[in-house]
Amino acid sequence: MNKNFDRSIKSLSVLLGVFIALIAILFGGLLYLKQNPEALRNQANEGLVEISEENNDLITDGIHVATGFVDDEHLQVVIQNCTSCHSAKLVTQNRMSKEGWKATIKWMQETQNLWDLGQNEAKIVSYLAKNYAPEHQGRRAHIEVAEWYELK
């Protein structure tokens, strides 16, 4: 009888340890998301976090959480016109000049049945060109050597 009791205690200890570990992982994950809003935005864009009426207009660190768009003038116009057909991620992963965004809109109108944006087109292009312009990185900068010396 002592052996059965010992096994039961060991089983309960293991179960309790697993339960405590799961609680710690859950708490740690929630704490991470609270301290790292970018992770929450990424999960929202990947469909892992449900966007509800309560948090649909949530802006954190200058980013609209539900879409990942930069919070700026004409944000709502962009959301209404762009995300009704495709994911915001399709927009945020691209970088184009004003002309590039205009050409993309024209292409979508000609091939993807995008409606005439009217006066909103200028607002959308302005927003996109400002917040999703090309990033010039190119090659790394040359190494500047202050003084050369001879290896011996």
Side-chain angles (χ1 to χ4, degrees), residues 13-152:
S13 297
V14 168
L15 284 174
L16 183 60
V18 168
F19 179 74
I20 290 171
L22 288 173
I23 295 296
I25 290 169
L26 178 63
F27 180 74
L30 291 173
L31 185 62
Y32 173 79
L33 288 176
K34 181 163 178 60
Q35 292 177 349
N36 299 292
E38 180 66 32
L40 181 62
R41 286 191 293 276
N42 289 340
Q43 288 187 358
N45 284 333
E46 293 169 12
L48 300 175
V49 173
E50 185 176 331
I51 301 302
S52 66
E53 289 295 322
E54 297 165 359
N55 65 2
N56 190 42
D57 292 327
L58 181 63
I59 304 293
T60 304
D61 296 331
I63 301 294
H64 183 252
V65 173
T67 61
F69 285 143
V70 173
D71 181 30
D72 204 352
E73 185 179 19
H74 307 307
L75 169 65
Q76 290 304 319
V77 175
V78 172
I79 291 171
Q80 292 165 357
N81 287 277
C82 297
T83 62
S84 58
C85 293
H86 55 71
S87 166
K89 191 78 166 173
L90 190 59
V91 177
T92 60
Q93 70 187 6
N94 286 290
R95 299 277 174 176
M96 292 183 239
S97 65
K98 194 172 200 174
E99 294 75 27
W101 287 113
K102 283 181 183 179
T104 301
I105 289 171
K106 184 176 180 183
W107 174 83
M108 286 188 288
Q109 289 171 332
E110 292 173 353
T111 64
Q112 308 298 310
N113 296 323
L114 175 62
W115 55 87
D116 180 18
L117 297 170
Q119 295 176 344
N120 287 335
E121 184 172 337
K123 295 174 184 176
I124 293 168
V125 169
S126 172
Y127 172 89
L128 295 173
K130 177 181 177 186
N131 296 295
Y132 300 100
E135 293 175 341
H136 300 288
Q137 289 184 328
R139 297 182 65 183
R140 66 167 173 75
H142 294 290
I143 297 173
E144 298 293 330
V145 179
E147 184 178 324
W148 288 95
Y149 58 94
E150 202 171 306
L151 294 175
K152 296 179 183 180

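We use all heavy atoms of the structure for the numbers below, so side chains are in, but hydrogens, waters and symmetry mates are not.
- Side chains of K130 and H74 form no contact here, defined as non-hydrogen atoms less than 4.5 Å apart.
- Around the CD atom of Q109, the shell of radius 6.0 Å holds more than 12 heavy atoms that belong to other residues, nucleotides or ligands.
- The structure places CG of L128 at 10.5 Å from OG1 of T92, a figure rounded to the nearest 0.5 Å.
- Of all heavy-atom pairs between R95 and P134, the closest is CB-CA, 3.7 Å.
- Separation of atoms OG1 (T104) and CD (Q112) is listed at 11.5 Å; rounding is to 0.5 Å.
- In this structure, the side chain of W101 does not engage the main chain of V125 through any donor-acceptor pair within 3.5 Å.
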* **W115 vs N81, side-chain hydrogen bond (donor to acceptor under 3.5 Å, both in side chains): CA-CA, chis, key distance, verdict** => CA-CA 9 Å; W115 55 87; N81 287 277; 3.2 Å; yes
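- Interatomic distance, CD1 of I124 versus CD of Q80, reported as 9.0 Å (0.5 Å rounding).
- The SG atom of C82 sits 7.5 Å away from the CG atom of L117 when rounded to the nearest 0.5 Å.
- Separating the CD atom in E110 from the CD1 atom in I105 is a distance of 12.5 Å, to the nearest 0.5 Å.
- A pairwise comparison of heavy atoms in S97 and A129 identifies C-CB, 4.5 Å as the closest pair.
- When all heavy atoms are compared, the tightest approach of A88 to F69 is CB-CZ, 3.7 Å.
- Inter-residue side-chain proximity for L151 and Y149 is flagged as met; some heavy-atom pair is nearer than 4.5 Å.
- Counting only residues at least two apart or in different chains, side chain to side chain donor-acceptor pair (under 3.5 Å) contacts with residues 116-127 are absent.
- From I63, atom CD1 reaches atom CG of L75 across 9.5 Å, with rounding to the nearest 0.5 Å.
- With H64 as the fixed residue, the side-chain contact (heavy atoms from CB on, under 4.5 Å) test singles out one of I59, V78, D72, V70: I59.
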